[in-house]
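Below: the structure, in structure tokens.
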Amino acid sequence: MAEGGKTPYDVFRKMILPQLTAALGKEPTFTNVTDFLLADDLITEQQLDSIKSKSNLSDQKRGSEVAHRLREKIRNHDDPAKCLLQICDIFEDEDVGSEVLKKHGATMRSKIEETPKASRSDPIKAQPTVPVSSGTTAVSSRFRSVSNRLENAISSCLTGVVGKLYAPGLISLDLKDEMINSHDIPSKKASKLVSELQRTLNNDKHPETFLNDVCKVLKEVGEKPITDIANELGTTAASPVSCPEEISKRNLGTTDELGIEDVETVTTVLNKALFGATKWVDLGLKLGLLMPRLNVIGEGGGDAYKHLRVTIEAWLEGEDNVTSRTWQTLIDAVEGTGDRAAAERIPKKLKTLYNITL
């Protein structure tokens, strides 16, 4: 038990030392870190603007402002351990480029990963849990292995998914209302929904039955990416399958062709590389799609995230003037939109997330 079973909130609070806050507030680390925090919804644009508006702040004071926001985010998060681990991921990211933050991130990660599951949630937000059997652990791991892809798959049709899950009582009315009425972006709501399914699965006395019920509902949505994930989870009932990282190893080189089955991987990598979804038209043109098709995508409703996903699907299906569907093609196209930084991050994210080496 790490430090007597301290909560994630306590672990982070203990790490807010002058060395950490000074490194957090110093440029270019401050900009690099806050870009990642914004992308992962760990800090809001309003909070960041508030920090930037305070003139004459020292590096340490500015870093303290960011740390304070992160501390409160952990305190109020539904899964404080997951929130802290997201922060650790950012602190340790090579693109942040701070040895001080990397060291502190690794230290916090070791403390939270040593803490038993029942101690990980903040006491303010603690939820009742039940003992986790080996069977529950196996089922939970299977669902977790596809959670990132599932979030991306359901974000474009969230209302339909929520309705299907609510009908047989797989999610609560409160969660259903939150998913429909909240003004959060679809990707954030999708992440919350998948996290709640994971929590319910972990605490269910019959996790295999619950997972099978979820898979059945997901197939009824009628979207191929979601159905593929549900089928993958269903086939693991008899014997475990490879993790997403292992499934994606078939795309190891810059010249290997990608297909529509890779849409989740591509959209996830673009998101983690901080490519702006609002540039979906520019990206589509660079990939070989024509303006009439992009106009249809734009008129199809939804936000920029949905438009980006549909654009990627069209590219992966070889529509219009598409001549190449490789990782290198995507990298070149992203750079062609003017976002060189995102293009340079893609190979790193492929390696980190999926063990794909270009």
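All values reported here derive from a predicted model rather than from experimental measurement.
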Counting C-beta onward and ignoring hydrogens, is there a side-chain heavy-atom pair between Leu20 and Phe91 closer than 4.5 Å?
yes

Looking at side-chain heavy atoms only, is the closest gap between Glu264 and Asp228 below 4.5 Å?
no

Residue pair Trp315, Thr311: steps toward the side-chain contact (heavy atoms from CB on, under 4.5 Å) verdict:
CA-CA 6 Å; Trp315 171 58; Thr311 298; 5.8 Å; no

Salt bridge or not between Lys188 and Asp41? Use side-chain N to carboxylate O under 4.0 Å.
no

Give me the atom names and distance for the closest heavy-atom approach of Leu287 to Ala333.
CD2-CB, 3.5 Å

Arg199 side-chain N/O to Asp78 backbone N/O, donor-acceptor pair under 3.5 Å:
yes

Which heavy atom of Ile346 sits nearest a heavy atom of Leu270, and at what distance?
CD1-CD2, 4.2 Å

Value for OG (Ser145) from CG (Leu233), rounded to nearest 0.5 Å, stands at 6.5 Å

Is the number of heavy atoms from other residues, nucleotides or ligands under 6.0 Å of Glu45 CD greater than 12?
no

To the nearest 0.5 Å, what is the distance between CD1 on Ile87 and NE2 on His104?
13.5 Å

Hydrophobic cluster partners of Leu290 (side-chain heavy atoms under 4.5 Å)
none

Does the side chain of Val310 come within less than 4.5 Å of Trp280's, by heavy atoms?
no

Hydrophobic cluster identity match, Val322 and Val334, side-chain contacts under 4.5 Å
yes

Quick one, Glu313 with Lys224, criterion side-chain contact (heavy atoms from CB on, under 4.5 Å). Give me CA distance, side-chain angles, the key distance, then yes/no.
CA-CA 11 Å; Glu313 289 176 351; Lys224 186 178 184 302; over 6 Å; no

Below 4.5 Å, heavy atoms only, C-beta onward: do Ile74 and Val11 meet side chain to side chain?
no

Lys/Arg-Asp/Glu bridge criterion (N-O < 4.0 Å) met for Glu220, Lys216
no

Donor-acceptor contact below 3.5 Å, side chain Ser195 vs main chain Ser191
yes

Taking the side chain as every heavy atom from C-beta outward, state whether Leu274 and Asp95 have any atom pair closer than 4.5 Å.
no

More than 12 heavy atoms of other residues, nucleotides or ligands under 6.0 Å from NZ of Lys279: is that the case?
yes

Under the side-chain hydrogen bond (donor to acceptor under 3.5 Å, both in side chains) criterion, do Ser53 and Ser50 qualify, and how do the steps go?
CA-CA 5 Å; Ser53 68; Ser50 174; 4.7 Å; no

Lys189 side chain to Met179 main-chain N or O, any donor-acceptor pair under 3.5 Å?
yes

Suppose clustering is done on Ile, Leu, Val, Met, Phe, Trp and Tyr with side-chain heavy atoms closer than 4.5 Å. Which residues sit in the same group as Leu57?
none

ILVMFWY cluster, Tyr305 and Ile297 together (side-chain gap under 4.5 Å):
no

Going hydrophobic residue to hydrophobic residue with side-chain gaps under 4.5 angstrom, can you get from Leu308 over to Met291?
yes

Any donor and acceptor pair, going by atom type alone, linking the side chain of Arg325 with main-chain N or O of Glu257 inside 3.5 Å?
no

Student check: side-chain heavy atoms of Thr352 and Lys272 closer than 4.5 Å:
no

Would a single hydrophobic cluster contain both Leu330 and Leu285, if residues Ile, Leu, Val, Met, Phe, Trp and Tyr are joined by side-chain heavy-atom contacts under 4.5 Å?
yes

Please check this pair: side chain of Asp262 against backbone of Gly259, looking for a donor-acceptor N/O pair closer than 3.5 Å.
yes

Which value, rounded to the nearest 0.5 Å, describes the distance between Lys26 atom NZ and Leu101 atom CG?
11.5 Å

If you look at every heavy atom in Gly63 and Leu24, which pair is closest and at what distance?
O-CD2, 3.5 Å

What is the minimum heavy-atom distance between Met108 and Phe12, and which atoms define it?
SD-CD1, 3.6 Å

State, with a plain yes or no, whether a side-chain heavy atom of Ser155 is found less than 4.5 Å away from one of Thr267.
no

Between Thr34 and Val66, the two heavy atoms sitting closest are CG2-CG2, 4.5 Å

Applying the salt bridge (charged side-chain N to carboxylate O under 4.0 Å, His left out) test to Glu94, which of Lys349, Lys348, Lys102 qualifies?
Lys102

Flag if over 12 foreign heavy atoms under 6.0 Å of NZ, Lys286
no

Partner of Asn152 under side chain to side chain donor-acceptor pair (under 3.5 Å), chosen from Thr265, Thr268, Asn271:
Thr268

Identify which one of Val221, Asp213, Leu197 satisfies the side-chain contact (heavy atoms from CB on, under 4.5 Å) criterion when paired with Leu165.
Leu197

Once you round to the nearest 0.5 Å, how far does SG of Cys215 lie from CD1 of Ile226?
12.0 Å

Verdict with reasoning, Thr200 to Ile171, per side-chain contact (heavy atoms from CB on, under 4.5 Å)
CA-CA 9 Å; Thr200 303; Ile171 61 172; over 6 Å; no

Sequence-distant partners of Thr159, side chain to side chain contact (heavy atoms under 4.5 Å, CB included), two or more places apart:
none

With a 4.5 Å limit on heavy-atom distance, are the side chains of Ile331 and Gln328 in contact?
yes

Exam field: side chain Glu151 to backbone Val194, donor-acceptor pair closer than 3.5 Å:
no

Shared hydrophobic cluster, Leu38 / Leu84 (ILVMFWY, side-chain heavy atoms < 4.5 Å):
yes

Trp327 side chain to Val266 main-chain N or O, any donor-acceptor pair under 3.5 Å?
no

Output the distance between atom CZ (Phe36) and atom CD1 (Ile43), rounded to the nearest 0.5 Å.
14.5 Å

Interatomic spacing from CD in Gln198 to CG in Leu211 - rounded to 0.5 Å
9.5 Å

Yes or no on side-chain contact (heavy atoms from CB on, under 4.5 Å) for Leu150 and Phe143, after CA distance, side-chain angles and deciding distance?
CA-CA 9 Å; Leu150 183 58; Phe143 186 83; 3.9 Å; yes

Least distance between heavy atoms, Leu175 atom then Lys192 atom
CD1-CG, 4.4 Å

